[in-house]
Amino acid sequence: MERVNVVGAGLAGSEAAWTLLRLGVPVRLFEMRPKKMTPAHGTDRFAEIVCSNSLGGEGEANAKGLLQAEMRQAGSLVMEAADLARVPAGGALAVDREEFSGHITKRLTGHPLLEVVREEVREIPPGITVLATGPLTSEALAEALRRRFGDHFLAYYDAASPIVLYESIDLTKCFRAGRYGQSADYLNCPMTEEEYRRFHQALVEAEKHTPHEWENLQFFEACVPVEELARRGYQTLLFGPMKPVGLKDPRTGKEPFAVVQLRQEDKAGRMWSLVGFQTGLKWPEQKRLIQMIPGLENAEIVRYGVMHRNTYLNAPRLLGETLEFKEAEGLYAAGVLAGVEGYLESAATGFLAGLNAARKALGLPPVVPPEESLLGGLVRYLATANPEGFQPMYANWGLVPPVEGRMGKKEKRQAMYRRGLQAFSGWLAALRPPLPGARTLEPVPGA
């Protein structure tokens with residue numbers, strides 16, 4: 001059997017390769033790092049996380065919780081690594097990024113059917129291929145796609161939050177708490193109205209990076225840099241990453257005027273990131289602003305925020321719901337390139353692209369998860385969304401059909417969760433040949 005090509009060893013490519021390998025299909029996995037690095041990556045490991053270390057909220061009332069459960073049922077390598085590398089994050093699934101990528105790299109490179117090629121792919125490889133090059137697809141490969149399919153590309157700009165050293169935080173000015181009485185997994189830096197006013201003004205006036213290619217910026221709304229939010233109005237941050245709602249300072253018994261939350265980045269708790277503070281500001285400006293935050297006056301920044309250009313396809317024009325290109329049999333896209341936003345969504349589309357690539361190699365018809373499942377709803381959206389103004393999509397309840405009956409919002413979402421997971425589990429069980437590693441329906445952690 002000829003090897004199937006997987007281009008890119010991020011979360012989507014790693015999951016695609018793992019799915020192919022589980023079905024006995026040999027894989028040639030291309031990864032250009034470390035020969036050619038990207039503006040955001042720092043290692044040569046597979047599935048390196050470069051932005052937030054969170055894979056989203058858990059539980060039956062959360063859409064990402066359903067997608068996590070579906071991926072666990074499917075035997076996902078990304079979810080296996082996430083569960084092993086979990087760090088405290090309240091109601092979210094956050095991971096120690098080094099342990100996470102290290103586990104995935106070890107599992108894949110130890111498989112006898114995997115060949116790893118460390119070089120940049122500049123042309124679309126012949127044969128069955130999954131393109132999972134992520135948000136930082138190289139210019140050469142992007143140009144090759146343009147030549148073959150036309151100029152059906154869009155781009156948005158994404159940003160990562162700074163990370164500070166725990167020992168440099170003044171804990172006398174912070175308090176541990178989760179919103180609305182959830183587990184106290186977050187550090188909260190409260191601000192008075194005057195402190196917020198000064199901080200907002202400094203943020204609006206701060207100097208940002210302005211590379212010449214960053215003109216007419218189009219940000220994905222879920223990842224707008226904090227300085228851009230500040231420029232939208234004085235109160236924008238108070239309804240966004242700095243909202244104090246649901247947080248009471250135990251020293252005053254009251255909600256602060258504004259709050260900056262920090263989330264644990266590693267299992268040892270040595271590094272903490274500023275939640276929702278994605279930024280493209282120049283590094284000296286980041287340091288100045290961070291040290292204006294109460295409790296972070298002497299913060300040591302171990303990773304500055306960065307902003308980078310993300311490239312993705314206009315999925316409704318180019319892809320079917322199987323993630324195969326409409327005009328190129330045997331060519332698949334997954335991850336951010338396919339038009340999804342988020343680590344979990346990238347891995348999930350990698351799973352489906354890998355599954356259908358494996359079925360193509362085995363002479364079997366393609367498959368799509370049921371519409372009640374989150375993954376099924378997500379790929380159907382990619383294939384059928386309005387191509388005019390298309391933007392990347394992340395897991396949300398609007399992707400699946402609503403449930404009937406009179407009930408509250410939480411109860412409806414829990415019913416959609418149970419219905420979706422049952423449908424997805426039944427779909428997995430009906431696959432022929434069966435998918436090794438897939439599980440029967442069982443209680444899911446965090447549900």
J.: Can you find a heavy atom in the side chain of Met191 that is under 4.5 Å from one in the side chain of Ile293?
T.: yes
J.: For Val78 versus Ala347, what's the shortest heavy-atom pair and its separation?
T.: CG2-CB, 3.8 Å
J.: Between the main-chain N or O of Val379 and the side-chain N or O of Glu321, is there a donor-acceptor pair closer than 3.5 Å?
T.: no
J.: Is Arg3 reaching over with its side chain to a backbone N or O of Pro26, donor-acceptor style, under 3.5 angstrom?
T.: no
J.: With side chains defined as the heavy atoms from C-beta onward, is the minimum distance between Pro34 and Arg118 less than 4.5 Å?
T.: yes
J.: Kindly assign one of parallel, tilted or perpendicular to the pair His111 and Trp18, based on the angle between their ring planes and the thresholds 30° and 60°.
T.: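 Correct class here is perpendicular.
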J.: Determine whether a donor-acceptor pair (N or O, by modelled atom type, separation under 3.5 Å) exists between the side chain of Glu70 and the backbone of Leu375.
T.: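 Yes: the side chain of Glu70 pairs with the backbone of Leu375.
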J.: Do Arg97 and Ile163 have side-chain heavy atoms sitting under 4.5 Å apart?
T.: yes
J.: With a 4.5 Å limit on heavy-atom distance, are the side chains of Leu93 and Leu344 in contact?
T.: no
J.: Which of these passes side chain to side chain donor-acceptor pair (under 3.5 Å) with Ser101: Glu48, Lys106, Arg45?
T.: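 When side chain to side chain donor-acceptor pair (under 3.5 Å) is applied between Ser101 and each of Glu48, Lys106, Arg45, only Arg45 qualifies.
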J.: Does any non-hydrogen side-chain atom of Leu203 lie less than 4.5 Å from one of Leu237?
T.: yes
J.: Report the distance from atom CG of Leu382 to atom CZ of Phe390, rounding to the nearest 0.5 Å.
T.: 5.0 Å
J.: What heavy-atom pair brings Ala9 and Ser14 nearest, and what distance separates the two atoms?
T.: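 Heavy-atom minimum between the residues: O-OG, 3.3 Å.
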J.: Which residue in the set Gln414, Arg418, Arg413 passes side chain to side chain donor-acceptor pair (under 3.5 Å) when paired with Glu60?
T.: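 Exactly one candidate clears the test, Arg418.
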J.: Just by distance, do the side chain of Gln68 and the backbone of Glu58 share a donor-acceptor pair under 3.5 Å?
T.: no
J.: Can you tell me if Ser52 and Arg263 form a side-chain donor-acceptor pair at under 3.5 Å?
T.: yes
J.: For the side chain of Ser161 and the backbone of Leu274, is there at least one donor-acceptor N/O pair under 3.5 Å apart?
T.: yes
J.: Any side-chain heavy atom of Pro162 sitting closer than 4.5 Å to one from Thr279?
T.: yes
J.: May I ask you to decide if Ala61's main-chain N or O and Trp397's side chain share a donor-acceptor pair within less than 3.5 Å?
T.: yes
J.: Can you find a pair of side-chain heavy atoms, one from Glu15 and one from Ser76, that are under 4.5 Å apart?
T.: yes
J.: Show your working on salt bridge (charged side-chain N to carboxylate O under 4.0 Å, His left out) between Lys173 and Glu297 and close with a plain yes or no.
T.: CA-CA 10 Å; Lys173 298 182 178 181; Glu297 293 90 345; 3.0 Å; yes
